[in-house]
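Scroll down for the structure; my scribbles are underneath it.
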Amino acid sequence: MRELDLTPEVAWALATGGPWPDPEVLAGDARFMALALREALKGVGLSSPNPPVGCVLVKEDRVIGAGVHTRAGDPHGEIMALRDAESRDEDVRGATAYVTLEPCCHQGRTGPCTLALLQAGVSRVVVGVRDPNPRVDGGGLAILRAQGVAVDEGVLGEACARFHAPFFKLIHLGLPWVSLKLAVGSDGALGPAGRTTSITPPEVQRLGHALRRASEAIVVGRHTAEVDDPQLTDRWAAPTAPHRTFHRVVMDNAGLVPAQARVWQPVAGQPALRAVTGDPEPLRGVEDLRLPPEPQGCSLRHLLHELAARGVSRVLVEGGGTLVRAFLEQGLGNEFHRFVSVAPAGGTPLDLPLPPTWQIQALARWPGGRWEVWR
């Protein structure tokens, strides 16, 4: 495992499932697929519930077009790449298309990408990973081959499958991808109970916002909302466009978080949701999600289904320790982002039940600590 220095680019890579292959050190098909992945990163947080598919068109070893899918109902990455090539006055006939996910072959809100590639005269299609959607699932590749197009699949397949894992989970289970995040001291603690403890410096906190930009919803527990009084907004300045909708969710079973809390204040495009089990006094401008009760509060699985119904494919659980533990105990987490300071935080060390198969897959350092990614 290669250790990285924490920069905005590295933060975005870690937040989206990376680090990702570097096209500058690759050659041939792998290099161009890495460029398609780099293009796909521009659609994370924007395309849900559709996958942010990236595509580059190559002719005579030169990129002549590139595109990514950024909004459900808008053209897919292949169409955007074809349009990009047209805007450059490039001739696509005989070109190779590198696509991170198998081109679709059905009529939905947009036309099938297989037909668009055939009509454009593309002679070869290189795919990172197959689309498990039952409406595709190898059908796109079969149509292309039947029409005489050369097809290769599995180029940077592991990276492409990891990148599109949130979409795969949504297709297979109907549940969004869940990223868990906590900042702990060198002693493994979150800080003294009932008190806000700043564990990471402001510049690292800003880079940590990459996880919000990569998600469509953020979830915290009542204790975090009361003690820290956060806004829970996405306000990262780079490197992609801001969300069209970012859901701010507080697990507030009995409706105890006060009305003046900052999280309930209206923010354009970032609605506040309150997960409750009963019928508390309504809050102006806040939507209540009434969920079945569980011994420790609301049903987390039902919460995830509710968010998936709103088009959410990536969820960030940002605190506190009790909520993160509940997601882990119920097998609902997919990865854990742990920010570890070189200084102790104080309080009780946190012992989380990480799955035994999880290991540190990526690590980035800053002068006062490290960002670990467990999967």
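We count residues from 1, following the sequence as given. Note that this is a predicted model, so its numbers are computed, not measured.
Separating the CD atom in Glu3 from the CZ atom in Arg365 is a distance of 4.0 Å, to the nearest 0.5 Å. Rounding to the nearest 0.5 Å gives a distance of 10.0 Å between CD of Glu306 and OG of Ser299.
The shortest heavy-atom contact between Ile64 and Arg88 is O-CD, 3.5 Å. Between Pro176 and Leu170, the shortest heavy-atom distance links the atoms N-CD1, 4.1 Å. Residues Ala261 and Gln265 approach most closely at O-NE2, 3.0 Å, considering heavy atoms. The minimum heavy-atom distance between Val257 and Ala225, with the atom names listed, is CG2-CB, 4.2 Å. Between Val127 and Pro103, the shortest heavy-atom contact is CG2-CD, 3.8 Å. The minimum heavy-atom distance between Ile218 and Leu232, with the atom names listed, is CG2-O, 3.7 Å.
Under a 3.5 Å cut-off, the side chain of Asp187 and the backbone N or O of Ala345 do form a donor-acceptor pair. Of the possible donor and acceptor atoms, none in the side chain of Asp152 sits under 3.5 Å from a partner among the backbone N and O of Val126. Under a 3.5 Å cut-off, the side chain of Glu90 and the backbone N or O of Ala85 do not form any donor-acceptor pair. Formation of a donor-acceptor pair under 3.5 Å by the Asp229 side chain with backbone atoms of Arg262 is found in this model. The main-chain N or O of Gly320 is found under 3.5 Å from a side-chain atom of Thr224 such that the two form a donor-acceptor pair.
Between Val122 and Val92 the shortest side-chain heavy-atom distance falls below 4.5 Å. Between Lys59 and Asp91, the closest side-chain pair of non-hydrogen atoms falls below 4.5 Å. With a 4.5 Å cut-off on side-chain heavy atoms, Gln205 and Ser198 count as touching. Contact of the Pro132 side chain with the His172 side chain is registered, since non-hydrogen atoms from C-beta on lie closer than 4.5 Å. Between Phe163 and Leu156, every side-chain heavy-atom pair lies at or beyond the 4.5 Å cut-off. Counting heavy atoms from C-beta on, the side chains of Phe167 and Asp131 come closer than 4.5 Å. Side-chain contact between Cys298 and Asn253 is present, with at least one heavy-atom pair separated by less than 4.5 Å. With a 4.5 Å cut-off on side-chain heavy atoms, Val315 and Ser215 do not count as touching.
Neither Trp177 nor Leu332 shares a network with the other; the hydrophobic side chains, linked directly or stepwise wherever heavy atoms of I, L, V, M, F, W or Y lie under 4.5 Å apart, form separate groups for each. Using a 4.5 Å cut-off between side-chain heavy atoms of Ile, Leu, Val, Met, Phe, Trp and Tyr, with links allowed through other members, Leu141 and Leu57 fall into the same hydrophobic cluster.
Ring pair Phe339/Trp366 is tilted by interplanar angle, where 30° to 60° counts as tilted.
Contact check on Arg145 versus Glu153 returns a salt bridge, with a Lys/Arg side-chain nitrogen under 4.0 Å from an Asp/Glu carboxylate oxygen. Using a cut-off of 4.0 Å between Lys/Arg side-chain N and Asp/Glu carboxylate O, Glu372 and Arg338 are scored as salt-bridged.
Around the CD atom of Glu203, the shell of radius 6.0 Å holds more than 12 heavy atoms that belong to other residues, nucleotides or ligands. Counting non-hydrogen atoms of neighbouring residues, nucleotides and ligands closer than 6.0 angstrom, the CZ atom of Arg124 exceeds 12 such neighbours. Around the CG atom of Asp22, the shell of radius 6.0 Å holds more than 12 heavy atoms that belong to other residues, nucleotides or ligands. When the shell of 6.0 Å around CD of Glu287 is examined, it contains more than 12 heavy atoms from other residues, nucleotides or ligands.
Applying side-chain hydrogen bond (donor to acceptor under 3.5 Å, both in side chains) to Thr100 and the options Arg38, His164, Glu39 leaves one that passes, His164. Paired with His305 under the rule side chain to side chain contact (heavy atoms under 4.5 Å, CB included), one option of Leu291, Leu300, Leu175 passes, and it is Leu175. Screening Arg212, Arg213, Arg248 against Asp234 for a salt bridge (charged side-chain N to carboxylate O under 4.0 Å, His left out) leaves a single residue, Arg213.
Between the side chains of Glu216 and Thr245, no donor-acceptor pair is found at a separation under 3.5 Å.
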Handout entry: Worked verdict on Arg375 versus Glu335 for salt bridge (charged side-chain N to carboxylate O under 4.0 Å, His left out)
Key = CA-CA 5 Å; Arg375 299 189 191 96; Glu335 61 182 13; 2.9 Å; yes

